[in-house]
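Here the structure is laid out as structure tokens; the discussion comes afterwards.
Remember, it's 1-based here, ligands and their atoms both numbered in the order they're listed.
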Amino acid sequence: MTATPTDAGRGPKASAKDLPSVDRLLRAPAAAALRAGHGHTLVAGEARALLESMRTQAVAGTLDSARVAPDALDAALAQRVEARLAPRMRRVLNLTGTVIHTNLGRALLADSALQHLLAMIAGPNNLEYDLASGGRGDRDGLVEELLCTLTGAPAATVVNNNAAAVLLTIAALARGREVIVSRGELVEIGGAFRMPDVMAAAGATLVEVGTTNRTHPGDYERAIGERTALVMKVHTSNYAVQGFTAAVDEATLAGIAHARGLPLASDLGSGSLVDLAAWGLPREPLPQEKLASGCDVVTFSGDKLLGGPQAGLIVGSREAVERIRRFPLKRALRVSKLPLAALEATLRLYLRPERLAQDLPTLRLLVRPEAQIRALAQQLAPALAAAVAPRFAVEVVALQGQIGSGSLPVERLPSAGLALAPVAKPGTGRALDELAAALRALPLPVIGRIADDRLLLDLRCLEDAASFVDQLPRLREVLA
Ligand SMILES: *Cc1c(COP(=O)(O)O)cnc(C)c1O
């Protein structure tokens, strides 16, 4: 091995000539054992990639000669193979303070939903098979009756997500014609889901009425014409217009639409099947209320406040739901057996509303008492302080969390947590970024938020304290 002395004080560097060939690396006993376990294809591919990247570093003069020692090469190869097999989708600890966090997978499934999901995918099931007649069944049929019971709707159907539900509703009821929406409701939901674009994608023409802050019944009445096919309300879930405002409620709008023979659709976004005020939470509109007000179709998400899997729920009149179900796009947007199994089990929990705050994790987290969260923060503070000392100081703080996923954007959930602040003032921003990165690099990544020169960990969603505490020795090592 030739070692070229390089930059000041660092160890000797290897040259490309010091690297073995792919074949030689693969013939080593350690690599042979890897091949016996994982097969030749994966191990050979990783050996090639490893040597290639080391060759690049050697040419650049940055490859330490210690890394080309046979043992080090074997270890590096084993590590690459392991990393390649590790899933990219990982569990994380959501300490952001946002309970239904879209980037972190939204609602957590209830135990019964997880169990039912696992049981249903473990083998064949009656997804589209009628066990009574032995004939073909309908996947919607598995949850339609439940959805009707829970919302009072005469009919219901399910698609892949609520964006799909809105797209399909507009396409089925208004393709090639006009849809009337208030200017105050032309929202962007995030991820490029903008009402005007959805309208265009569905092949309908958007007719905007009113102004950003005020829309009146007369605005809708004047806009209805020959080409109108649908009147639509969109719940402005992720922002609030405050001050001098006016909007037309569903009951009034239903009167206007029905007098002209037109259906009224309402996109609720989150939509909760139970009145959250019963648990002291801010109120979110319920699909059952919108239907009772005269809406012909109501759409909402499965994985927001409902607390289930990703799905788009469509409830409404028999006629409107039948048109939606028969529209060809429905087939492209249909829900698969995995979410459908989880959805059915989640909906069944709503048959026992008194138990919901225990059974449904999303609701359980939303109603978690502030005092309990604060007590947990106090309990964890000393161990966290020891792990991040002496670079960071830890303090128990009151925090304001939120429901998330566009629900009740201006309402805050009083919460508590831990604030970590760099002890040395200069370089605060960099120190916080480094700390956040160290937390994300833990085996169970911890996701907090940075605000006001501190890293905040809101503990509302930390139910299993051990999952956090067990990682503190590792955090201490990384920060040392
Ligand atoms: C979240 C939301 C949607 C999109 O629902 P997904 O289930 O995310 O597809 C549509 N409309 C409104 C008002 C929303 O809040």
### Whether Gln310 lies under 4.0 Å from ligand 1, heavy atom
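Contact check Gln310 vs ligand 1: negative.
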### Task
Check if Val166 has a non-hydrogen atom at a distance under 4.0 Å from any atom of ligand 1.
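Flag not set, Val166 not near ligand 1.
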### Query
So, Glu434 and Arg391, do they make that salt bridge, N to O below 4.0 Å?
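Answer for the salt bridge query: yes.
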Atom [atom1] in [X], atom [atom2] in [Y]: separation rounded to 0.5 Å?
X	Y	atom1	atom2	result
Glu208	Ser182	CD	OG	9.5 Å
Arg136	Asp130	CZ	CG	11.5 Å
Leu340	Ile121	CG	CD1	13.0 Å
Glu128	Leu142	CD	CG	9.0 Å

### Task
Using distance alone, decide if ligand 1 has a nitrogen or oxygen within less than 3.5 Å of any nitrogen or oxygen in Ser270.
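There is no such contact.
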### Query
For Arg106 and ligand 1, does the shortest N/O to N/O distance drop below 3.5 Å?
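Yes, there is a polar N/O contact under 3.5 Å.
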### Message
Strictly by side chain to side chain donor-acceptor pair (under 3.5 Å), give each pair with a member in residues 245-258 just once, sequence neighbours left out.
### Response
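Every side chain to side chain donor-acceptor pair (under 3.5 Å) pair that includes a residue of residues 245-258, provided the two are not neighbours, is Asp249-Thr252, Glu250-Lys290, His258-Asp296.
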Atom indices of ligand 1, in the order listed, that fall short of 4.0 Å to a heavy atom of [X]:
X	answer
His235	13 (C)
Ser301	5 (O), 6 (P), 7 (O)
Ala163	4 (C), 5 (O), 6 (P), 9 (O)
Gly269	2 (C), 11 (N), 12 (C), 13 (C), 14 (C), 15 (O)

